[in-house]
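Input: a single structure, listed below in structure tokens.
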Amino acid sequence: MSNNNASNNLIIAQRAVKQLRLEASIRRIKVSQAAAELRTFCLQNASRDPLLVGVPSSDNPFRPPKSCSLF
Amino acid sequence: MGEMEELRKEMENLKDQITAARKTFQDTTLQEAASGVTVVGRVQLKTRKTLRGHLAKIYAMHWGTDSTLCVSASQDGKLIVWDSITTNKVNAIPLKSSWVMTCAYAPSGNLVACGGLDNMCSIYNLKGKDGNVKVMRELAAHTGYLSCCRFLSDTEIITSSGDCTCVLWDIETGTEKMVFAGHQGDCMSLGVSPDFKFFISGACDFTAKLWDIREAQCRQTFSGHESDINAIGFFPNGNAVITGSDDATCKLYDLRADQELITYQDSSIMCGVTSLAASKSGRLLLAGHDDFNVNIWDMLKSERVGVLAGHDNRVSCIGVSSDGMACCTGSWDSFLKIWN
């Protein structure tokens, strides 16, 4: 029983080491580049972000139009 | 025993290597990079619609891709599909198990899914021939509760579970295609990348993991939170990940720099984050908390620019529609609110 547990723990540890090796080896970019691209994305898409710039009532599907014609 | 010691040492070495590598790429901070950007003006969103009908706590909601229909799940044992503009209930689906914790709308609009303490993910066909909504599949294999699910298509869905794994399912055969194991704690939430190639998971081991869907491999692990991660989502361009935790903070991790860029926190916020969503440009981060409020953050400047106060109990779920036009919040007070 204890032998099985020991070999299981060994396998788990081997897998953990393999995973860490993989995560250690990835290619990274500088934070300056990453941050600049996030900033650019936000600014370039700002005008297309209704929650950010607001929605005029005439274009707001969730707001009923003010006037009501009954004919 | 000697080998175990060696492996432990190697694990520590590799962890130190990763920390050191991340530091060498940390040539600045997001604050510095955004120093020339003006903070967003105060954001005041109003409740435009209140969706009434559930009789108990709402645990989850998900927008359909048409930005009009959305699905919500409540522990009253119902899944309701709403037309958010008319507030009409398009479908009210009775569930076998009322202990539901998550729901999802397929991108096609044909299917919805839900699951919870029954450990299963049930798929419902909304477009059945006779007009009745029936269970199409019951995906059973998890040995723990279903915390979250998201469709890749009408044939594939990804689930996260309290059994610490995530699974990619083949809906047609009802079988597991891939199992994503690695988290050391309950998986609480997942998000799919805009290109559908990756997904991220947040767990009770305080980490977030990025997974390659086809390779069934964990590519990156992000730490830093001091408690369970309850909510997770992609930044709209797919290059960054936002997490929300019981430690009352949200964090932004960049995937390509492989590190945390910023923490959204305030000493006045002491309640855990339950849910989060990003606005269409990524500039606004909306975070739902246990204290009944939703905090709105300027993501670049890390400043709180608004609050949505309208619920009488915990905000359990939040979602921004695909066209970015509205935000929907769901609460333990049994109501959903549409804001813009």
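Quick note: numbers below take in every heavy atom, side chains included, and nothing from hydrogens, waters or symmetry partners. Order of the sequence lines sets the chain letters (A, B, ...), proteins ahead of strands, with each chain counted from 1.
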Part of A:R27 within contact of chain B (heavy atom distance under 4.5 Å) =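 Only the backbone of A:R27 comes within 4.5 Å of chain B.
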Against chain B, label A:Q44 side chain, backbone, both or neither, depending on which of its atoms sit under 4.5 Å from a heavy atom there.
-> neither
Nearest atoms (heavy-atom pairs only) where [X] meets [Y]:
X: A:A35; Y: B:A33; result: CB-CB, 3.5 Å
X: B:I85; Y: A:P61; result: CG2-O, 3.4 Å
X: B:K280; Y: A:R48; result: CD-O, 4.1 Å

Residue pair [X] / [Y], side-chain heavy-atom distance below 4.5 Å:
X: A:L20; Y: B:I18; answer: yes
X: B:N340; Y: A:P50; answer: no
X: A:L38; Y: B:N237; answer: yes
X: A:N45; Y: B:P236; answer: no

Best-contacting candidate, A:A46, A:S32, A:A13, A:A36, against chain B by heavy atom pairs under 4.5 angstrom |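 Option with the greatest count: A:S32.
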Are the side chain of [X] and the backbone N or O of [Y] linked by a donor-acceptor pair below 3.5 Å?
X: A:Q19; Y: B:C218; result: yes
X: B:D258; Y: A:R28; result: no
X: B:E10; Y: A:V17; result: no

Result for side-chain contact (heavy atoms from CB on, under 4.5 Å) between A:F62 and one of B:I338, B:T47, B:T87 points to B:I338
Using a heavy-atom cutoff of under 4.5 Å, enumerate the residues of residues 206-214 of chain B that contact chain A, numbered in order, or state 'none'.
->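 Near chain A, by residue number: B:K209.
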Using non-hydrogen atoms and a 4.5 Å limit, figure out which bit of B:L252 sits close to chain A: side chain, backbone, both or neither.
->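 Side chain only.
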